[in-house]
Amino acid sequence: MASPATATATAPPAPPPDLTALKTRQQAAWSSGNYAIVGSTLQIVGEELCEAMDLTAGSKVLDVAAGNGMASLAAARRWCDVMSTDYVPALLERGRARAAAEGMAMEFREADAENLPFGDNSFDVVLSTFGEMFTPNQDKAASELLRVCRPKGKIGMANWTPEGFIGQVFKTLGKYLPPPAGAKSPALWGTRARLDEMFGAAAQDIRAERRNFVFRYKSAEHFLEIFRTYYGPVLKAFGALDAANQEALKHDILALIASMNRSGDSTMVLPSEYLEIVITRR
């Protein structure tokens, strides 16, 4: 009979995560609700990222996983030639409506961040704000950003950190709905170590600055209502749980907010840390 140690040593490795199935579930999650309601509140992040990128008028800019276009609009306001992409058609329609309302000339195209429909070296600047980080195949997504960015061009991102509020919200969701075994956490995109792994060999320079976006809501309950209704991952998490676990998840999220809220009154004023990233390609 094999010893326990031998049995452990010869056990077959765990199967790799089914990234295709994970992508399908994620696309369904982001297609549910209406991320544009949340995305519009984050507009200042796109503006600050474009300033950090020091954009030049006339630059060819690609916004990947653009949502309803916060970074796309910020780049268009700086007279760049902007292509806004996402794999959720409804969000692209929201972006079109915003651009039309502001009189901004932009292009929109449905696109998968892991398989961008553009040639090599097509853009001077490639952007993504809180979008690219949710791709199931992180290395493939990173390689696509590098592929479509011209040599000496720039890649700019805003990614939630693991330690920040949104990173902790996703950690809380994971207690109730664990991610598939072997799948990498989206919050890794908010760490310098992971950025170096994905981009270091192809980068001339990587700058990553810790920033805070401040969530401002009428109350903690108001925030949770908005996110349960419009923010796909939270909506889907609550929808997958029975009533008892929904109440437990609600309690945990409200407790997290209470521990980080700095309003001093019944409203919610809560800083959420993210990395503002500017990568210069070799």
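Starting from 1, each residue takes its place in the sequence as its number. These numbers come from a predicted model, not from an experiment.
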Next item on the list: Could you please spell out the steps behind the salt bridge (Lys or Arg N to Asp or Glu O under 4.0 Å) verdict for Arg77 and Glu47?
Entry: CA-CA 9 Å; Arg77 292 189 186 106; Glu47 302 292 340; 2.3 Å; yes
Check: With side chains defined as the heavy atoms from C-beta onward, is the minimum distance between Phe215 and Asn261 less than 4.5 Å?
Finding: no
Checklist line | Any side-chain donor near an acceptor of the partner, Asp112 and Asn115, under 3.5 Å | finding: no
Margin query: I'd like to know whether Glu132 forms a side-chain contact (heavy atoms from CB on, under 4.5 Å) with Leu145, so could you lay out the CA-CA distance, the side-chain angles of the two residues, the decisive distance to 0.1 Å, and finally the verdict.
Written below: CA-CA 9 Å; Glu132 186 83 0; Leu145 295 182; 3.4 Å; yes
Check: side-chain contact (heavy atoms from CB on, under 4.5 Å) between Met83 and Val61: does it pass, once the steps are laid out?
Finding: CA-CA 6 Å; Met83 172 68 73; Val61 175; over 6 Å; no
Notebook entry, point to check: Does one hydrophobic cluster hold both Ile226 and Leu91, with members joined at side-chain heavy-atom distances below 4.5 Å?
Noted result: yes
Notebook entry, point to check: Considering only heavy atoms from C-beta outward, does the side chain of Leu254 approach that of Leu224 to under 4.5 Å?
Noted result: yes
Next item on the list: For Glu225 and Arg228, run salt bridge (Lys or Arg N to Asp or Glu O under 4.0 Å): C-alpha distance rounded to whole Å, both residues' side-chain angles, the deciding distance at 0.1 Å, then the answer.
Entry: CA-CA 5 Å; Glu225 175 190 353; Arg228 282 186 67 166; over 6 Å; no
Margin query: With a 4.0 Å cut-off on N to O distance, would you call Asp124 and Lys154 a salt bridge?
Written below: no
Next item on the list: Give a yes or no answer on whether the side chain of Asn212 reaches the backbone of Val214 with a donor-acceptor pair at less than 3.5 Å.
Entry: no
Next item on the list: May I ask whether Leu19 and Leu116 are part of the same hydrophobic cluster, defined by side-chain heavy atoms of I, L, V, M, F, W, Y residues being less than 4.5 angstrom apart, directly or through others?
Entry: no
Note to self: Quick one: does any side-chain atom of Ser31 pair with a main-chain N or O of Gln27 as donor and acceptor, under 3.5 Å?
What the structure shows: yes
Check: How far apart are the C-alpha atoms of Arg192 and Ile206, what are their side-chain angles, what is the distance that settles it, and do they pass the side-chain contact (heavy atoms from CB on, under 4.5 Å) test?
Finding: CA-CA 9 Å; Arg192 181 58 192 255; Ile206 299 177; 3.6 Å; yes
Check: Is a side-chain donor or acceptor of Tyr176 paired with a backbone partner of Phe238 at a separation under 3.5 angstrom?
Finding: no
Item checked: Heavy-atom pair of closest approach, residues Arg282 and Ala201 -> NE-O, 3.2 Å
Next item on the list: Find the distance between OG1 (Thr267) and CZ (Arg262) and round it off to the nearest 0.5 Å.
Entry: 10.0 Å
Note to self: To the closest 0.5 Å, what do you measure between CD (Gln43) and OG1 (Thr129)?
What the structure shows: 8.5 Å
Note to self: Given 3.5 Å as the limit, does a donor-acceptor pair link the side chain of Thr85 with the main chain of Glu110, or not?
What the structure shows: no
Next item on the list: Could you tell me which residues satisfy ring pair (Phe, Tyr, Trp, His ring centres under 6.0 Å) with Phe130, sequence neighbours excluded, listed by chain and number?
Entry: Trp160, Tyr274
Margin query: Looking at Lys140 and Glu114, would you say the former's side chain and the latter's main chain have a donor-acceptor pair under 3.5 Å?
Written below: yes
Checklist line | pair Met106-Leu73: side-chain heavy atoms closer than 4.5 Å | finding: yes
Next item on the list: Quick one: pull up CE in Met260 and CD in Glu273 and give me the separation to the nearest 0.5 Å.
Entry: 9.0 Å
Margin query: salt bridge (Lys or Arg N to Asp or Glu O under 4.0 Å), that's the test. Do Glu51 and Arg78 meet it? Break it down for me.
Written below: CA-CA 9 Å; Glu51 284 302 297; Arg78 289 154 178 82; 2.9 Å; yes
Notebook entry, point to check: Same hydrophobic cluster for Val148 and Leu195, using side-chain heavy-atom links shorter than 4.5 Å among ILVMFWY?
Noted result: yes
Check: Quick one: OG on Ser263 to NZ on Lys218, what's the gap to the nearest 0.5 Å?
Finding: 15.0 Å
Notebook entry, point to check: Mind checking whether Val64 and Glu144 have side chains closer than 4.5 Å, heavy atoms only?
Noted result: no
Checklist line | Which atom of Ala220 lies closest to which atom of Ile257, heavy atoms considered | finding: CB-CG2, 3.7 Å
Margin query: What's the separation between atom CD in Glu107 and atom CG in Asp81, rounded to the nearest 0.5 Å?
Written below: 6.5 Å
Note to self: If you define the side chain from C-beta out and look only at heavy atoms, does anything of Ile166 sit under 4.5 Å from Phe213?
What the structure shows: no
Item checked: Ile155 with Met70, same ILVMFWY side-chain cluster at under 4.5 Å -> yes
Note to self: Test of understanding: clusters of I, L, V, M, F, W, Y form through side-chain heavy atoms closer than 4.5 Å, transitively. Do Leu42 and Phe134 belong to the same one?
What the structure shows: yes
Note to self: For Asn68, is there any backbone N or O sitting under 3.5 Å from a side-chain donor or acceptor partner on Arg98?
What the structure shows: yes
Notebook entry, point to check: Nearest heavy-atom pair of Pro180 and Arg25: which atoms, and what distance?
Noted result: CG-NH2, 3.4 Å
Note to self: Can you pull out every side chain to side chain donor-acceptor pair (under 3.5 Å) where at least one residue sits in residues 55-64? Sequence neighbours excluded, please.
What the structure shows: Asp63-Ser72
Next item on the list: For the pair Glu163 and Arg210, evaluate salt bridge (Lys or Arg N to Asp or Glu O under 4.0 Å) and give the outcome as yes or no after the intermediate values.
Entry: CA-CA 11 Å; Glu163 304 85 4; Arg210 292 183 181 270; 3.8 Å; yes
Note to self: Looking at every heavy atom in both Ala237 and Leu177, which two are closest together, and how far apart are they?
What the structure shows: CA-CD1, 3.5 Å
Note to self: Set out, in order, the CA-CA distance, both residues' side-chain angles and the distance that settles ring pair (Phe, Tyr, Trp, His ring centres under 6.0 Å) for Phe118 and Phe123, then state yes or no.
What the structure shows: CA-CA 9 Å; Phe118 306 107; Phe123 296 91; 5.2 Å; yes
Item checked: Main-chain N/O of Ala29 paired to Ser32 side chain as donor or acceptor, under 3.5 Å -> yes
Next item on the list: Provide the closest heavy-atom pair for Leu22 versus Pro136 in the form atom of the first, atom of the second, distance.
Entry: CD2-CB, 3.8 Å
Checklist line | Leu127 vs Met53, side-chain contact (heavy atoms from CB on, under 4.5 Å): CA-CA, chis, key distance, verdict | finding: CA-CA 9 Å; Leu127 302 173; Met53 299 287 289; 3.9 Å; yes
Margin query: Keeping Gln204 on the side-chain end and Thr280 on the backbone end, is there a donor-acceptor pair under 3.5 Å?
Written below: no
Item checked: Lys250 atom NZ, neighbour heavy-atom count above 12 within 6.0 Å -> no
Notebook entry, point to check: Can you check whether Ser185's main-chain N or O pairs, donor with acceptor, with Gln138's side chain at less than 3.5 Å?
Noted result: yes
Check: Is Trp189 close to Arg194 at the side-chain level, that is, under 4.5 Å between some pair of heavy atoms?
Finding: no
Next item on the list: Check whether any side-chain heavy atom of Pro151 lies under 4.5 Å from a side-chain heavy atom of Arg281, and answer yes or no.
Entry: yes
Checklist line | Minimum heavy-atom distance Pro162-Gly190, with the two atoms named | finding: CD-O, 3.9 Å
Check: Do Phe223 and Tyr231 come close enough that some side-chain heavy atom pair is under 4.5 Å?
Finding: no
Notebook entry, point to check: Quick check: does any side chain N or O of Gln246 sit under 3.5 Å from a backbone N or O of Leu241, one acting as donor and the other as acceptor?
Noted result: yes
Notebook entry, point to check: Once you round to the nearest 0.5 Å, how far does CG of Leu146 lie from CG of Asp120?
Noted result: 11.0 Å
